[in-house]
Every structure is written in C-alpha cells, then in structure tokens.
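As structure tokens, the structure follows; a few thoughts come after it.
Throughout, a chain's letter reflects where its sequence line sits, starting with A, and its residues are numbered from 1.
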Amino acid sequence: MTGTRRNLLAFGGGAAAAVAFTPIPWKLLDDVSIWTQNWSWIPPVPRGEITVKHSACTMCGAGCGVQAHCVGGQPFGLAPVAGHPLSHGGLCALAYGAHQMPYHARRLRKGLSRGAEVAPDVALAHAVEILRDARDARRVVAVLDERPGRMVSAMYARLLGGLPGSVYLTPPAPERATAGILSGWAGRPAGFDFEKARTILSIGTPLLDGFGAAGALLALWANREDRVRFLHAEPRQSHTAALADRWIAIRPGSEAAFALGLAGVLVRDGLAKAPAPYGAFSLEEAARRTGLRPDTILAVAHELAGRGPALVIGGGDPVSGPLPRDAEQSIAALNVLLGSEAVCPRHPLPFERPATPLLDVPDGTISVLIADAASNGCALPEAVLRRKLANNAQIIRLSAFQTTAARRADVVVPVAAPSEALEEVTAPACNARAAWGLAPPLVERPEGVYTVPEVVARLAEGCQMPAPGSIDEASEAIQALGRGSTFEFGDASIWTDSEDSGQLEFAALPEIRLEEPSLADGFPLTLMPAGWRGAAAAIPLPPLTTKLYQESELRPGAREARVHPATARDLGLARQSRATAETPYGSAAVSLRFDESVPPGVVEVAAHEDDAARVFALCGDTCWRSAPARLRRS
Amino acid sequence: MNAETVERAPRRYGMVIDLDRCSGCGACMVACSAENNVPPAHPQATERTGITLLRVVQVKDAASRGVAFIPMMCQQCGDDTPCMTVCPQQAVEVDKLTGVVEQMPQRCLGCRYCMTACPFQARFFNWWDPEWPAGMETTLNPGAAPRMRGVVEKCDFCQSRMHAAEDKAAMEGSREFEYTPACVEACPTRAIVFGDLNDPESDVSRQARNSFRFLERLGTGPKVYYRSRRPWLRTLASRVGAPPKKENGNG
Amino acid sequence: MADMVSTLNRPAVADREWIARAQDRCSTSRFLLWLTPWTLLLAAGLYAAYLCLRYGLHQTNMDNRFVFGLWIFLDLAIIALGAGAFFTGFLLYILRWKELKAVIATAVIVGFVCYSGAVLVLMVDVGQPVRAWFTFWHPNTHSMLTEVTFCISAYLVVLSIEYLPILLKNRKLRKVPSFLVFEFEMHKLMPVLAGVGAFLSFFHQGSLGGLFGVLRGQPFAFREGFGIWPTTFFLFILSAMAVGPVFVMLVTRLVEAVTSKRLVRPQVYQVLARTSGLLLTFYVLLKTIDTLVWLNSTSRQAGYRPWEYYAWEPFGTWILFAEIVLLGLLPALILLSPKWRARPGWMLAGALLACAGVVLNRFVLTIQTLALPTLPFEQFLTYMPNWQETATFLGVIAYGVIVYSLSYRYLSLFPQEKELAREGKEASHVS
C-alpha cells in the first residue's frame with residue numbers, strides 16, 4: 001500500500017466513521033453532559049441523618065414554638081408547633097428564616113471597642129472597666145431590656161441593685177402600652193383575653209400584622225366567622241386595615257381625638273360603665289379632628305358598647321413607634337369605660353421585676369447604658385435613646401450582629417445569635433396569662449462568643465458584686481408556684497400560668513388633655529415612617545426576607561417612599577422618580593412609589609434596616625410617628 | 001420507574017387557597033425559599049429579577065376600598081401545560097403519577113421560552129449564581145439541589161418533601177403517604193389546603209367545588225384554585241386582563 | 001478622470017493576487033481603514049458577550065417578565081430579512097428565474113451572515129450555552145423552538161455549503177485543482193441544496209412565527225391555526241418571503257452606493273421589487289384577516305377585549321395602523337405599481353418601508369407581547385436594552401459587514417459587474 005493522498009484521505013474517513021461505533025464519542029458526550037449539569041461552585045447540599053429538634057423563635061418577644069428539621073444536627077428548615085399555647089401552630093415570616101441568623105453576613109464573632117474589632121474577652125474587659133468606673137464615680141447606670149420579664153432580666157436587675165441610682169429600662173412596645181397603662185390604673189398587672197372579646201378595635205396599632213404572636217391573633221381573625229369583629233382605625237390602609245372587618249380612616253395624628261370622641265359618645269349615651277370626665281368632648285369636635293363623619297364615630301361607639309366584651313388596643317407600630325401619650329391614655333380609658341370583661345388581671349411571673357419605660361426617664365440623666373441583645377422586633381431610634389443619655393455617656397451593647405447601633409456603641413460584647421444559646425421565652429406583655437419557657441439551642445455558638453447570662457455574671461464579678469443568679473432558678477421558682485400547665489413538645493416545653501380569678505378595680509380615670517399638633521410653616525405634608533415588625537429592629541432581618549421586600553412588593557424596602565397619586569400629581573412628581581423628603585429635622589433622598597392606600601398629604605417613608613436611622617433622623621427625638629414634611633423633586 | 005410505583009393510583013395534586021384567610025404576612029414566601037434552597041436576593045436583584053417561587057401579591061379594589069392578598073405560585077396547569085409543550089429539550093415534565101409540573105434544572109438550557117409561555121409569571125430565571133453568606137450553606141435543605149445561574153426554576157409543590165415522605169413510607173413497607181408543601185405548613189391562618197384532586201373525599205376536592213381559578217379562560221387547566229366571598233375578588237379573577245386605563249407604564 | 005481615481009485606488013501588491021482580474025477594488029490601506037471601525041465594534045461586541053457569558057445574564061436589562069429583549073427581537077428580524085437567500089435560491093434554481101443569477105451570491109452571503117449572526121447572539125442569550133446541544137439529544141418534538149433549532153442549524157449548514165463554491169471561485173483558490181473539481185461538482189448540487197434550503201427555511205421561518213403564536217398564555221400573541229400551526233406560522237413565512245428579495249436589493253444598492261459602482265442591471269431590481277410587491281400584497285391581505293379574526297374571536301374567547309391591548313402608552317392603536325397600513329399596504333402598492341417601481345427613489349422607499357414593516361411586526365410580537373399584562377393585577381412594564389445588549393448586537397452587525405466586505409473584495413459576487421464596468425467605460429468614451 002502506497003502513501004498516496006487518496007489513501008490517506010480514505011484512511012482518515014474510515015477512521016472517523018469507525019470511531020462512531022466505539023464508545024469514545026458517546027462517553028465524551030455523556031461526560032460533557034454531566035459536566036454541564038454540575039457546577040462545582042454551587043454548594044452541595046449537606047448529607048446526614050434527618051432529625052427534629054424543638055425550640056422557640058427568639059427573633060422577637062412573642063415566644064413562638066418551633067420545630068427544626070435538621071440534617072446531621074444542623075437545622076435546615078423550621079416548622080410551627082401544633083397546639084403551642086403562645087403561637088397556636090403559627091409562625092411569622094421572620095421565624096422561617098431564623099435558622100440562618102447565625103450565618104448572617106452581619107454576624108459579629110469578635111468584640112467591638114469604639115468601632116474597632118477586638119477579641120471578645122477584651123471587649124468584655126472593657127465593659128467591666130466602664131461599669132467599675134461608673135460605680136466608683138456613682139454615675140447613673142441603666143440597663144435597656146427589650147424583653148423584660150425573663151430570668152435574665154431579673155439578673156440584670158440584681159446587677160443594678162449593687163449600683164445605687166441605677167435604672168432598669170424597657171423601650172416602648174405595642175403589646176405593653178395599653179395593658180401597661182391599665183396595670184398602672186389598676187395597681188396590679190393586667191392583660192387581655194382575646195378569646196373572650198367579641199369586638200376588637202385597634203387604633204393605630206397593627207393588631208393583625210406583628211402584634212404579639214402572629215399565630216395567636218391571626219388564627220383568631222381567620223376563624224372569627226361572626227363571633228368576633230375586628231375594627232381598625234388608622235390613616236393608612238395597612239395590612240391590619242385591609243384585614244379588618246371595618247377600617248376607619250382617621251386623619252394622621254388624630255388617634256386621641258378618635259378615642260375621646262368614642263368615650264364622649266359612651267358617656268353621653270349612658271353606655272359608660274365607669275365614671276369619666278369625657279362627656280364634654282363633643283362628637284362634632286372628634287369628627288372635625290379625625291376627618292370622620294359624626295355618625296361613623298357614633299356607630300363605632302355603639303358597636304363597642306353593644307357587642308361586648310370589647311377590647312380597644314393601642315400601642316402604636318413596631319416601626320413608627322408608640323402613639324402620643326394622650327392617645328395611649330384615652331385608648332386605655334376606653335377599656336375602663338366599656339368595663340370590658342376581656343381585660344383581666346394577670347399573675348406576674350415570680351421573678352418579674354417592674355421596668356421603667358424608657359420614655360419616662362428624664363432627658364440627659366444616664367451615664368452608662370447597657371443594652372441587652374434580645375430584640376422585641378421594634379424600632380428604637382438612636383436619637384430617642386441618645387436624648388436620655390448624659391453628655392459623654394458610654395454605651396455597652398451585647399450583640400450578635402454588627403448593626404448601625406453596634407457600630408456606634410463604645411463597646412460591643414459578642415453574644416450568641418438566635419438559636420445558638422439556651423434562651424428564655426415569655427408570653428407577650430398583652431397576654432392575660434403569663435408564660436415562661438426555655439428555648440434550647442439548635443446549633444453550637446462560635447468560639448469566644450458569650451451567652452447573655454455569662455456576660456451579666458462577668459460584669460457582676462468584675463465589680464465585686466454577688467453573682468446575679470442563673471436561669472435555672474426560674475424553673476425552680478415556677479415549679480414552686482404549683483399552678484399552671486406545661487405544654488411539652490419534643491425536648492422543649494412551655495409553662496402557662498392559670499387564670500387569675502381576681503377582679504380589676506380601676507382608680508378614677510384621669511382627665512386627658514389633647515395635645516395640640518404642632519404646625520410647621522412651609523411643611524404642608526405629613527411624613528410617617530413605615531415598615532413591619534423586624535424591619536428596623538435591634539437585630540437584622542433574616543436574609544431570606546428579601547423575598548418580601550427586595551424581590552417582591554409585599555413589604556416596603558429601603559429608600560422607598562409611598563404617596564397617594566393625587567399628592568404626587570399636586571407636586572408634579574412622577575412615579576418611581578427620585579425626590580427629597582424634608583422635615584424640620586432634616587432631609588433624605590427617597591424613591592417615590594404611588595400607593596392609593598396612603599392618605600393624601602402623607603408621605604410614607606420605609607424605615608428599613610440600616611437605612612432606618614436616616615428615616616428616623618427626619619422624625620425628631622421624642623415621638624417618631626410623624627413629622628411635618630415637604631417633598632421636592634431631585 | 002419500577003412496578004411498585006406504577007401500581008399506585010395516579011394522584012392529581014392541587015391546592016385551594018382561601019383568599020379571605022390570607023393575611024399577607026409572607027411567611028409562606030420565606031418558608032418556600034428555605035425549603036427549596038432559593039438563595040437570598042443578590043444585592044442588585046429587584047422584584048423583576050428576584051426568585052420568589054411563591055409570591056404574595058396585594059390587590060386593591062377602588063370601589064369597595066377592599067384589599068386582598070393573592071398567593072401566586074406555579075398553577076400546575078393540567079391541560080396542554082404551556083411551559084411543558086414549549087420547552088425544546090424536555091426540561092419540563094408533568095409527572096403522570098402526581099400531575100405535578102416538574103422543572104429539571106440540569107437539563108434546562110436557559111432559553112426562557114417557558115417563561116414567555118407561562119401566563120402566571122410563575123417561572124423565574126437565575127440571573128445570578130446563587131450565593132450564601134459564609135457558613136449558610138450548612139442550612140441548605142438536603143432534599144433540594146441548589147440551581148446554578150442561567151436556568152429556570154419554579155414551584156413544584158415541594159417535590160423534595162413528597163419524595164422524602166414516599167421514601168419514608170417505603171421504608172415502613174407502605175405505599176401510602178401524605179405530605180404537606182412548605183407554604184401550606186407555614187400559613188398561620190391555614191389559608192392553603194393541599195391534596196389529591198382525584199380523591200373526591202379529600203379536603204381539597206371538596207373545597208375546590210366552590211372556587212375559581214385565575215385566567216381560567218385561557219384553557220390551561222390550572223390545579224390551584226382560589227376561594228373568596230368577596231364579589232370584587234371573584235370578578236377580578238374571572239375578568240382576565242387589566243382594566244383599560246390610560247397611563248404610562250413604570251419600570 | 002475616473003480612470004485616474006481607479007488607478008490611484010488600485011490595490012497594492014499585498015492582496016492583489018487574491019482579487020479577481022478586471023475587478024476594480026480599492027487599495028489595501030483604504031480597505032483596512034474601512035474595516036477598522038467595524039473591527040472595533042466587533043471587539044466591543046465580543047467584550048459585551050464575554051461579560052454575559054462569564055458573569056451571567058444579569059449583565060443585561062432583561063428580567064423575569066422581559067425574558068426576551070433586544071436580542072430575540074433582532075434575531076427574528078434579521079432572520080426574516082435574511083430570507084432572501086432561500087427565496088432567491090428557490091426562484092433561481094427551482095423556478096429557473098435566470099436573471100436572479102446576478103444577485104444570488106449576495107443573497108447567499110446575506111443569508112449566511114444573518115443566520116450565523118443570529119445563532120451567535122442566541123448562544124449569548126441562553127443561560128447555559130454549553131447545553132444547547134441537549135435540544136438534539138432530548139428533543140421535545142412538540143416545541144416550536146425545537147423545530148427552529150433543528151431547521152436553523154441544518155439551514156446554516158446548507159448556507160455554508162452554498163457559500164463554499166462562491167468562496168472557491170476566488171482567483172487564488174481556483175488554482176488548487178481539487179478545489180476546482182469540487183466547485184464544479186457543487187454546482188450540479190445547487191438545485192438540490194436550494195430545494196433543501198427552501199424546505200428548511202419554510203419551516204423555521206414558520207416556526208419562528210409559531211414560537212409566539214402557540215403561546216396560549218399570551219392572549220396578545222396567541223392565534224388559532226391549522227393543525228398544529230397557528231396563523232403566525234404562515235404569516236411569518238409569507239412576510240419573510242416578501243421582504244427577502246427587496247432586502248437583497250437594498251443590500252446590493254447599498255454596496256453600489258458605498259463603492260460608487262454599478263453591479264446589477266436595473267431589470268434585476270425590477271424583478272425583485274415586483275416579486276416582493278406581489279407577496280407583500282398577499283401578506284397584508286392575510287394579516288388583515290388574521291388580525292380581525294384574532295381581535296374578534298380568538299382574543300375574546302380568552303376573555304380579553306381588543307382595546308385592552310392598545311390602552312397602554314406608548315403602544316396605542318397607531319402601532320397596528322403602522323404595521324398593517326403604513327409599513328404594509330403602502331409599500332406593497334408602491335412595489336406593485338410598475339410606474340412607481342420604475343422610479344429608483346420610490347422603489348427604494350417601498351423596499352425600506354416593507355423591511356421596516358416586517359421588523360415592526362417582529363417587534364410587536366416579541367416586545368409588545370411581553371410588555372402587556374396578562375394577569376388581572378399586573379402592570380404594563382417597559383424595558384430598555386442596556387449597553388451590553390446593544391454592543392453585542394452591534395458586534396453582530398459589524399461581523400456581517402466584515403464578512404460581506406471581505407467577500408465583496410476577494411470573491412466575484414456580481415457576474416454583471418465586469419460587463420457593466422465595460423459599458424460604463426464605453427459610455428464615458430462615447431460622451
């Protein structure tokens with residue numbers, strides 16, 4: 001055979017044809033196919049034994065029970081616990097992402113000292129030093145606890161007991177407001193029995209959207225049929241307004257006038273069950289201030305009186321804060337006037353210590369503030385807190401996350417993130433029955449990171465004070481009570497107190513004076529921060545909640561401002577355009593969205609995570625619910 | 001497919017969503033993402049590029065001042081399933097035993113033709129590589145492989161849960177099993193009922209009798225049903241197409 | 001004077017041997033100068049494509065609603081315009097319209113450029129290009145896209161084969177004896193290839209129309225049809241056939257303008273224009289019937305009232321008028337009328353309007369379909385391509401220009417060129 005070109009070609013062609021009959025090309029194709037299907041940089045899923053652990057969600061103070069589906073001991077999904085006495089088999093959106101909190105991009109595994117990273121023990125030593133100096137100089141030390149009523153809270157209180165002049169504080173929370181005022185008037189703890197109520201009126205408070213345990217109130221709402229009616233008064237058509245059987249669209253800032261108007265009708269028409277000075281508040285005056293028709297107010301008042309037991313709930317919003325004092329008081333007073341059987345006395349927990357509301361503390365008095373790591377899911381603007389601090393005051397924060405507040409603290413002691421340490425849960429402050437339970441950890445905490453009781457103990461030790469006790473004491477104290485019932489689920493349990501059979505006696509109702517709204521020239525609009533529970537809290541949102549705001553429009557995201565189309569039209573502003581919101585306190589750039597559920601004349605600015613500080617800076621430092629504002633094209 | 005699975009009577013999984021019970025809390029959306037290993041949003045993602053296999057949409061009625069929240073996921077079309085018929089390489093299949101429309105991300109070429117075919121906007125493209133903060137990959141669900149960039153994904157009624165339940169039953173020597181998709185489990189108001197539409201006695205079949213579907217007239221045979229006592233909401237669903245109003249688009 | 005210019009522009013020694021004898025081409029440096037901007041554009045396009053392939057499609061402005069954008073719209077548009085290749089081939093080789101020999105090479109190259117360009121863009125447009133071959137491995141025969149993929153791939157092969165003999169006629173390549181034999185054999189094959197090409201094109205042009213016509217979930221695009229084929233299937237074939245010839249004419253006229261030469265006799269243009277005019281008239285008639293049936297029956301059955309589609313600015317009823325009357329009926333009449341067609345300006349305007357009409361049709365079917373809301377609570381959305389998308393597309397245009405320029409320079413595309421040049425010279429001598 002000669003090596004001609006023809007032969008070479010023939011050989012080549014034959015070889016090529018023959019290869020098709022060998023496994024080579026098919027194997028190659030198969031390999032390419034597999035290669036294109038598996039991308040090495042996509043994380044593989046974990047493998048291991050599937051187990052279930054039980055605990056409680058600690059993203060806020062509602063104390064909902066969770067069961068965690070785990071692989072190799074690591075939770076990969078959370079589920080509700082059927083029959084749980086606090087959460088009633090429900091959980092909110094935050095809970096379903098809670099198991100990822102230990103790995104949050106903002107997770108703090110080191111301490112911070114004046115913003116710089118330090119070892120955890122260095123941070124703790126620094127905190128001890130600050131506390132010791134404060135004690136020696138007899139300066140006022142305060143502890144800020146977002147979830148008072150826990151055993152840990154009692155430990156803080158004991159720590160403060162060794163520091164004369166110190167004060168144990170709690171920030172405002174919607175659940176605590178009305179029940180707290182009623183407790184004050186009755187001289188003993190009071191709470192609500194929602195199950196007993198047949199008419200529930202919430203005023204400026206998102207009762208069905210992040211008030212107490214999501215499962216409890218939403219289950220009541222969803223299964224209400226004709227048994228319970230939900231009424232809701234709020235300027236904007238919030239989620240709660242949308243879900244309520246009746247939405248009463250009052251003017252911004254007219255909550256007190258609305259409540260007093262209802263009270264006036266009750267007194268005038270002889271429906272009040274307690275003596276009160278509110279008969280003088282005329283229906284016409286209430287109608288003028290709230291922008292409602294007089295017969296609307298009349299109808300609501302008669303419904304409350306005629307369809308009892310009724311509850312009237314205030315407290316404000318987890319993001320836009322508490323209602324003004326006059327509104328909170330007049331809302332609480334309505335419950336007394338209605339003689340509601342759904343307002344019940346409550347046994348306090350044996351280790352419960354009374355906490356001073358932060359807003360009641362005189363301005364500029366606190367020299368050292370220790371902020372606990374627990375979150376109640378509500379916003380507390382930095383300016384509101386700072387107002388209470390003396391000049392050169394120092395802030396010690398316990399935190400698992402690098403938040404804006406943490407960066408601004410003098411010392412941050414890194415502590416366990418949610419689900420990393422044994423934590424306590426209690427019932428929301430509005431509940432008529434106290435509850436207490438333990439949330440066992442689901443994962444191990446990173447090395448060096450402390451638990452809160454450890455930090456409290458080390459602070460006491462550093463100041464040569466007696467040990468403040470431990471969480472174990474709580475279970476003993478509760479067992480010693482010998483009452484209540486315990487709900488066991490898996491390896492967790494929660495104890496619920498029995499009903500307090502006592503009666504609530506209210507002192508004479510105080511006369512409430514309406515605070516005149518401050519009018520600012522040149523600010524024709526009203527700016528209101530908006531958000532949802534957890535959006536501007538002390539701990540960041542679970543990463544997967546981006547599905548709710550960034551990746552959908554269910555919740556507002558950072559820099560979003562919503563206005564009624566008519567408002568925008570009057571100002572010549574276009575949808576999705578950039579604008580600057582200005583108030584007497586400052587200005588901020590926002591991205592405009594049109595929303596017909598926002599009342600005309602109102603600019604609803606989303607207070608969201610880190611961006612919340614910028615929004616709250618527009619709202620002053622006493623009440624951040626609203627501010628006079630104007631909008632400018634930018 | 002082995003003989004054992006063939007013997008089982010084919011099911012037709014479906015859902016009934018009571019819109020009067022949906023509170024718009026969004027728990028289902030987060031639970032769904034956790035269950036299906038959907039990553040948190042890329043910093044640049046928007047509501048138009050994010051992945052929400054289940055999304056809760058707020059709708060309003062001007063006349064009655066009504067507001068409703070509509071959970072929208074793949075409606076599991078049963079008649080000429082639009083996405084399945086258009087996929088050029090059989091990356092979409094309708095499971096004969098369950099009626100569930102399944103997406104095979106490993107075979108998907110990312111042409112997105114199925115997304116144009118879907119009238120419910122229930123399909124999502126991975127515009128980015130999935131990313132989790134360091135350590136968070138340990139929280140991934142072992143039942144659902146994360147998808148890579150460049151492929152389409154959608155709700156499959158939590159097939160990962162179904163397979164787990166099926167395997168568990170098989171281990172116990174049974175072919176009977178029940179399972180609950182993540183959103184159904186997560187709903188605090190029990191607004192979603194899930195089950196076998198072929199079983200006339202099931203909750204889902206009974207509730208589906210007095211219900212409506214979105215875009216029913218397109219004839220795609222969705223297996224997700226909705227209920228509401230509010231007339232405007234029923235009208236909204238039956239009257240497909242947006243109300244004609246002159247206004248400039250956004251975006 | 002003209003002689004002097006052409007002497008000055010005579011190619012330098014560098015590539016002269018590659019250029020056919022008696023074919024007047026500019027100097028190498030001038031040619032390179034011409035190529036420079038196109039090469040830069042191509043480089044920009046390649047860079048943009050790299051960004052998309054390396055980092056993912058978030059580099060574009062597309063989103064979950066606008067899953068198709070500039071690229072798919074332009075793919076559909078250039079494939080329609082590139083239809084001149086198959087249709088001219090069909091007329092020449094099957095129906096034996098000999099005069100079309102004058103433009104067949106241009107038609108083939110335009111077709112090749114359009115199709116290969118479209119395939120290149122598609123490879124960037126899909127999320128997982130390495131899996132593109134799965135369509136052949138696990139084909140879903142019910143999918144219009146499978147049909148499109150199969151036919152376009154096969155037709156691209158046909159076009160490449162049709163391109164080969166043109167390539168092999170190059171002065172230098174002809175010197176290889178086996179190439180010459182090969183080229184001769186290929187010529188005998190041409191009618192077969194033209195037939196296969198026509199068949200394939202027929203199907204994929206139709207399938208491209210079917211792509212949107214079958215979308216039951218998009219009432220704006222959905223059409224009833226015959227068997228498995230929606231009406232858009234046939235309308236796409238017809239509209240592509242209608243604009244193919246005039247697009248070949250436009251390209252040729254453009255080359256004539258750029259090179260200041262006469263390359264094709266006017267009678268050929270008349271044939272092309274008349275063919276387009278006839279087909280366009282037929283298309284406009286069918287399109288009108290289809291639109292009426294769709295608005296009054298198909299769409300109503302789905303629950304959508306006609307005016308809903310046109311209630312969203314900027315896509316008002318004007319777009320329907322523009323598509324059917326302004327860019328459909330009007331050019332059809334111009335091209336059909338021998339009087340108007342005889343005037344070069346009118347003929348050119350008619351051709352341009354006809355092409356614009358088909359491009360608008362492809363735009364309406366892709367972009368407007370996606371912009372319109374289907375669910376009752378959804379909004380009309382808008383989309384604008386970003387620089388990556390635009391650059392990738394312009395890169396493909398540059399690629400086309402470069403391929404055509406090289407072909408024009410080194411291959412003999414116009415058999416009438418020499419004659420026309422000689423006639424021109426004689427005419428100038430006479431004068």
Check your understanding: Hey, which of C:L215, C:V67, C:V148, C:T141 has the most heavy atom pairs under 4.5 Å with chain B?
Key -> C:V67
Exercise for review: Find the distance between CG (C:L145) and CD (B:Q89) and round it off to the nearest 0.5 Å.
Suggested key: 8.5 Å
Check your understanding: Does CZ in C:F136 sit with more than 12 non-hydrogen atoms of other residues, nucleotides or ligands closer than 6.0 Å?
Key -> yes
Point to revise | Residue C:Y55 versus chain B: region with a heavy atom under 4.5 Å | key: backbone
**Study point:** Option that, when pairs with chain C are counted at under 4.5 Å, heavy atom only, ranks first among B:C77, B:G150, B:P88, B:P119
**Key:** B:P88
Review point. If you measure from CZ on C:F377 to CD on B:Q121, what distance do you get to the nearest 0.5 Å?
Key: 9.5 Å
Practice item. Could you go through the side-chain contact (heavy atoms from CB on, under 4.5 Å) check for B:L215 and C:T374 one step at a time? Key: CA-CA 8 Å; B:L215 306 183; C:T374 304; 3.8 Å; yes
Exercise for review: To the nearest 0.5 Å, tell me how far B:T116 OG1 sits from C:F212 CZ.
Suggested key: 5.5 Å
Point to revise | Minimal non-hydrogen separation, B:R149 against C:R54, with atom names | key: NH2-O, 2.7 Å
Check your understanding: By number, which residues in residues 99-109 of chain B have some heavy atom less than 4.5 Å away from chain C?
Key -> B:P105, B:Q106, B:R107, B:C108, B:L109
Exercise for review: Measure the acute angle between the ring planes of B:W128 and C:H58, then classify it against the limits of 30° and 60° as parallel, tilted or perpendicular.
Suggested key: parallel
Check your understanding: Can you list the steps and then say if B:R48 with C:F66 is a side-chain contact (heavy atoms from CB on, under 4.5 Å)?
Key -> CA-CA 9 Å; B:R48 286 172 71 171; C:F66 270 98; 3.4 Å; yes
Review point. Going by heavy atoms in the side chains, are C:L57 and B:R112 under 4.5 Å from each other?
Key: yes
Check your understanding: Counting only heavy atoms not in C:Q368, do more than 12 sit closer than 6.0 Å to its CD atom?
Key -> yes
Review point. Is a side-chain N or O of C:H142 found less than 3.5 angstrom from the main chain of B:T85, in a donor-acceptor match?
Key: no
Practice item. Without swapping roles, check the side chain of B:Q90 against the backbone of C:P139 for a donor-acceptor pair under 3.5 Å. Key: yes
Review point. Just wondering, are more than 12 heavy atoms of other shown residues or ligands nearer than 6.0 Å to CZ in C:F73?
Key: yes
Exercise for review: Ignoring hydrogens and angles, tell me if any N or O in the side chain of C:N64 forms a donor-acceptor pair with the backbone of B:F125 under 3.5 Å.
Suggested key: yes
Check your understanding: Any sub-3.5 Å donor-acceptor pair from B:Y113's side-chain atoms to C:M144's backbone N or O?
Key -> no
**Study point:** Residue C:T369 versus chain B: region with a heavy atom under 4.5 Å
**Key:** neither
Review point. Taking the side chain from C:R216 and the backbone from B:C118, do they hold a donor-acceptor pair closer than 3.5 Å?
Key: no
**Study point:** Segment of B:M72 engaging chain C (4.5 angstrom heavy-atom cut-off)
**Key:** side chain
Review point. Is there a donor-acceptor pair under 3.5 Å between the side chain of C:Q128 and the backbone N or O of B:V151?
Key: no
Review point. What residue, out of B:E47, B:M148, B:M84, has the most heavy-atom pairs lying under 4.5 Å from chain C?
Key: B:M148
Review point. With a cut-off of 6.0 Å (strictly less than), are more than 12 heavy atoms of other residues, nucleotides or ligands near CH2 of C:W133?
Key: yes
Check your understanding: Just wondering, more than 12 heavy atoms not from B:F212 lying within 6.0 Å of its CZ?
Key -> yes
**Study point:** Pairs of heavy atoms under 4.5 Å with chain B: top-ranked of C:L370, C:L211, C:I72
**Key:** C:L211
Practice item. Working to the nearest 0.5 Å, report the span between CE of C:M62 and CH2 of B:W127. Key: 5.0 Å
Exercise for review: Taking C:N140 for its side chain and B:C87 for its backbone only, find out whether a donor-acceptor pair lies under 3.5 Å.
Suggested key: yes
Review point. Heavy atoms under 4.5 Å from chain C: which residues of residues 57-70 of chain B carry them?
Key: B:V57, B:V59, B:I70
Practice item. Go through B:P82, B:C111, B:A45 and name the one with the most non-hydrogen pairs under 4.5 angstrom from chain C. Key: B:C111
Exercise for review: Measure distances from C:Q301 to the heavy atoms of chain B and classify the residue's part below 4.5 Å as side chain, backbone, both or neither.
Suggested key: backbone
**Study point:** Within 6.0 Å of CE in C:M384, more than 12 heavy atoms from elsewhere
**Key:** no
